[in-house]
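Only a predicted model underlies this, so the values are computations on that prediction, with no experimental measurement involved. In what follows, chains are A, B, ... by sequence order, proteins preceding strands, each numbered from 1.
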There are 2 protein chains.
Amino acid sequence: MASLGDLERSVMDLLWDSTEAQTANSLRDALAHAGAEDGKELAVTTVLTVLARLEKKDLVARERDTRPHQYRAVMSREEHTVELMNEALGNVMDREAVLARFIGGISGGEAAALRRLLEGPAAEAARPLDSGTPHTTSGQSA
Amino acid sequence: MASLGDLERSVMDLLWDSTEAQTANSLRDALAHAGAEDGKELAVTTVLTVLARLEKKDLVARERDTRPHQYRAVMSREEHTVELMNEALGNVMDREAVLARFIGGISGGEAAALRRLLEGPAAEAARPLDSGTPHTTSGQSA
DNA sequence: GAGGTATTCTACGTCGTGTAGAAGTTATTC
DNA sequence: GAATAACTTCTACACGACGTAGAATACCTC
């Protein structure tokens with residue numbers, strides 16, 4: 001219940017980038033974006049279906065009040081990625097062993113960044129960093 | 001090409017545990033294990049099919065010389081998990097942002113372990129730690 | 001070589017995803 | 001306010017991954 005298909009990912013990419021730019025997205029946007037991504041001309045309903053599925057997966061929130069519905073990513077790309085990583089980790093007993101192997105494979109720059117985050121003020125690393133993180137707190141009236 | 005189904009995971013769990021215990025596994029073992037896991041009595045061919053699929057996915061190596069073929073996990077559970085994590089990470093631009101959020105969510109003990117691994121002799125963390133890691137270097141004659 | 005065990009081949013049901021038509025709803029415009 | 005255009009919902013099909021397994025074939029043992 002996590003990994004995305006190609007089209008789904010394409011749509012999420014748009015929504016994620018738009019979230020950063022504080023922009024809302026309509027079906028048209030998604031259609032244009034997805035179409036541009038793989039050169040194909042998709043049907044409107046195709047993208048709509050994908051959006052609906054992403055909504056059901058709680059990856060996308062839909063503003064049903066506005067006329068052309070507005071779509072937003074529920075969580076950031078980074079948060080989603082972390083969820084995937086934790087999902088992968090969820091199945092192992094020895095999490096530390098996995099983490100050891102994991103950091104053995106990251107780049108020097110990333111290792112340095114991790115070191116900084118872990119050494120620095122612990123609060124900063126432990127804080128959920130709620131800056132600009134989108135939430136699902138909308139009316140959602142039927 | 002990564003995440004596993006329930007039966008596949010069940011079989012892999014056996015193989016992974018056996019790898020640690022330096023034990024080889026036959027179809028019988030897998031059948032018994034998978035059957036015990038979810039209480040159901042599976043058909044032999046079912047497990048065989050799963051094993052074949054896992055082999056095709058390069059998650060399992062099969063010793064075809066011995067009569068009841070012997071099955072082994074190609075990589076450890078930890079290595080596989082790391083692969084999944086990297087697969088998740090593969091799609092993002094800002095890896096460091098993800099890592100920041102990721103370590104924000106791990107436990108104190110794990111953070112401490114990471115700190116130890118990152119601060120300690122860098123060589124130890126950077127080394128692929130090849131202790132007991134199974135490889136696919138077998139005859140594999142048709 | 002008969003009998004049992006192991007392996008391969010083939011196949012079907014289900015679910016997730018890409019894809020989209022048909023029909024219904026809402027807004028716009030004259 | 002009726003035609004029209006845009007938008008949304010419903011429904012459906014194809015395909016690949018996975019669970020499941022029967023039928024057929026290969027292999028070993030006595």
Side-chain angles (χ1 to χ4, degrees), chain A residues 1-15 24-72 84 87 91 140-142, chain B residues 1-15 24-72 84 87 91 140-142:
Chain A
M1 178 67 97
S3 166
L4 302 171
D6 288 343
L7 221 198
E8 289 178 328
R9 169 152 297 278
S10 173
V11 169
M12 284 312 296
D13 275 339
L14 167 70
L15 297 188
N25 289 104
S26 69
L27 165 65
R28 286 293 138 190
D29 304 324
L31 182 61
H33 180 80
E37 281 248 314
D38 48 45
K40 256 181 278 184
E41 196 67 42
L42 293 171
V44 196
T45 48
T46 298
V47 178
L48 224 5
T49 301
V50 167
L51 280 167
R53 285 176 185 162
L54 290 170
E55 191 190 10
K56 186 189 253 173
K57 290 191 207 176
D58 276 322
L59 288 173
V60 162
R62 183 196 304 222
E63 211 77 67
R64 281 191 155 80
D65 306 329
T66 58
R67 199 65 269 287
H69 293 184
Q70 295 295 320
Y71 302 87
R72 297 178 296 106
L84 287 186
E87 205 175 296
N91 304 306
Q140 205 79 353
S141 55
Chain B
M1 178 66 97
S3 166
L4 302 171
D6 289 342
L7 222 198
E8 289 178 329
R9 169 153 296 279
S10 174
V11 169
M12 284 312 296
D13 275 339
L14 167 70
L15 299 188
N25 289 104
S26 68
L27 164 64
R28 286 293 139 189
D29 304 325
L31 181 60
H33 179 81
E37 281 249 314
D38 48 45
K40 255 180 279 183
E41 197 66 42
L42 293 172
V44 197
T45 47
T46 298
V47 178
L48 224 5
T49 301
V50 167
L51 280 166
R53 285 179 184 160
L54 289 170
E55 191 190 10
K56 187 189 252 173
K57 290 190 205 176
D58 276 323
L59 288 173
V60 163
R62 182 196 305 224
E63 211 76 67
R64 280 192 154 80
D65 305 330
T66 58
R67 195 69 268 289
H69 293 183
Q70 295 295 319
Y71 302 87
R72 298 178 295 106
L84 287 186
E87 204 176 295
N91 303 307
Q140 205 76 355
S141 53

Expressed as a whole number of angstroms, how long is the span from R9(A):CZ to dG16(C):P? 18 Å
Which dot-bracket notation, 5' to 3', represents the base pairing of DNA chain C when pairs are defined as Watson-Crick or G-U with both distances under 3.5 Å, crossing pairs as [ ], and inter-strand pairs as |? ||||||||||||||||||||||||||||||
OP1, OP2 of dT9(D) versus side-chain N and O of R62(A): anything below 4.0 Å? yes
Measuring to OP1 and OP2 of dT26(C), would you say a side-chain N or O of R64(A) lies under 4.0 angstrom away? no
Measure CG/L27(B) against P/dT7(C) and give the value in whole Å, please. 6 Å
Measure the distance from CG on L31(A) to P on dA20(C) and round it to the nearest whole Å. 10 Å
What heavy-atom pair brings L84(A) and S3(A) nearest, and what distance separates the two atoms? CD2-N, 4.1 Å
In whole Å, what is the span from the CG atom of D65(B) to the C1' atom of dC27(D)? 14 Å
Provide, to the nearest angstrom, the distance between the CD atom belonging to E37(B) and the C1' atom belonging to dT20(D). 17 Å
Distance check: side-chain N/O of R28(B) vs OP1/OP2 of dA6(C), anything under 4.0 Å? yes
So do the side chains of R28(B) and V44(B) get within less than 4.5 Å of each other, counting heavy atoms only? yes
With sequence neighbours left out, write down each residue that passes side-chain contact (heavy atoms from CB on, under 4.5 Å) with R67(B), or none if nothing qualifies. H69(B)
With distance as the sole criterion, is a donor-acceptor pair present between the side chains of D13(A) and S10(A) under 3.5 Å? no
Expected list for residues 43-52 of chain A near DNA chain D, using heavy atoms below 4.0 Å, is T45(A), L48(A)
Are side-chain heavy atoms of V60(A) and M12(A) found at a separation under 4.5 Å? yes
Verify the contact: side-chain N or O of K40(B) to OP1 or OP2 of dT20(D), cut-off strictly under 4.0 Å; return yes or no. yes
dA6(C) C1' sits how many Å from Q70(B) CD, rounded? 12 Å
Answer yes or no: does a side-chain N or O of H69(A) lie under 4.0 Å from OP1 or OP2 of dC7(D)? no
Mark yes when over 12 heavy atoms from residues, nucleotides or ligands other than D38(B) sit less than 6.0 Å from its CG; otherwise mark no. yes
Restricting to non-hydrogen atoms, name the atom on A24(A) and the atom on Q70(A) that form the minimum distance, rounded to 0.1 Å. CB-OE1, 3.0 Å
Nearest-Å distance, CG (L7(A)) to C1' (dA14(D))? 15 Å
Minimal non-hydrogen separation, L7(A) against T46(A), with atom names: CD1-CG2, 3.7 Å
Looking only at side-chain N and O atoms, does R67(B) come under 4.0 Å of OP1 or OP2 in dC27(D)? no
Using a heavy-atom cut-off of 4.0 Å across all strands, would you classify L4(A) as base, sugar-phosphate, or nothing? nothing
dT17(C) phosphate, OP1 or OP2: any side-chain N/O from K57(A) under 4.0 angstrom? yes
How long is the line joining CG of D6(B) and P of dT14(C), in whole Å? 17 Å
Can you confirm whether L54(B) sits close enough to L4(B) that some side-chain heavy atom of one is under 4.5 Å from a side-chain heavy atom of the other? yes
I need the minimum non-hydrogen distance between A30(B) and V47(B), along with the two atoms involved. CB-CG1, 3.6 Å
Toward the 5' end of DNA chain C, which comes first, Y71(B) or E41(A), by nearest nucleotide? Y71(B)
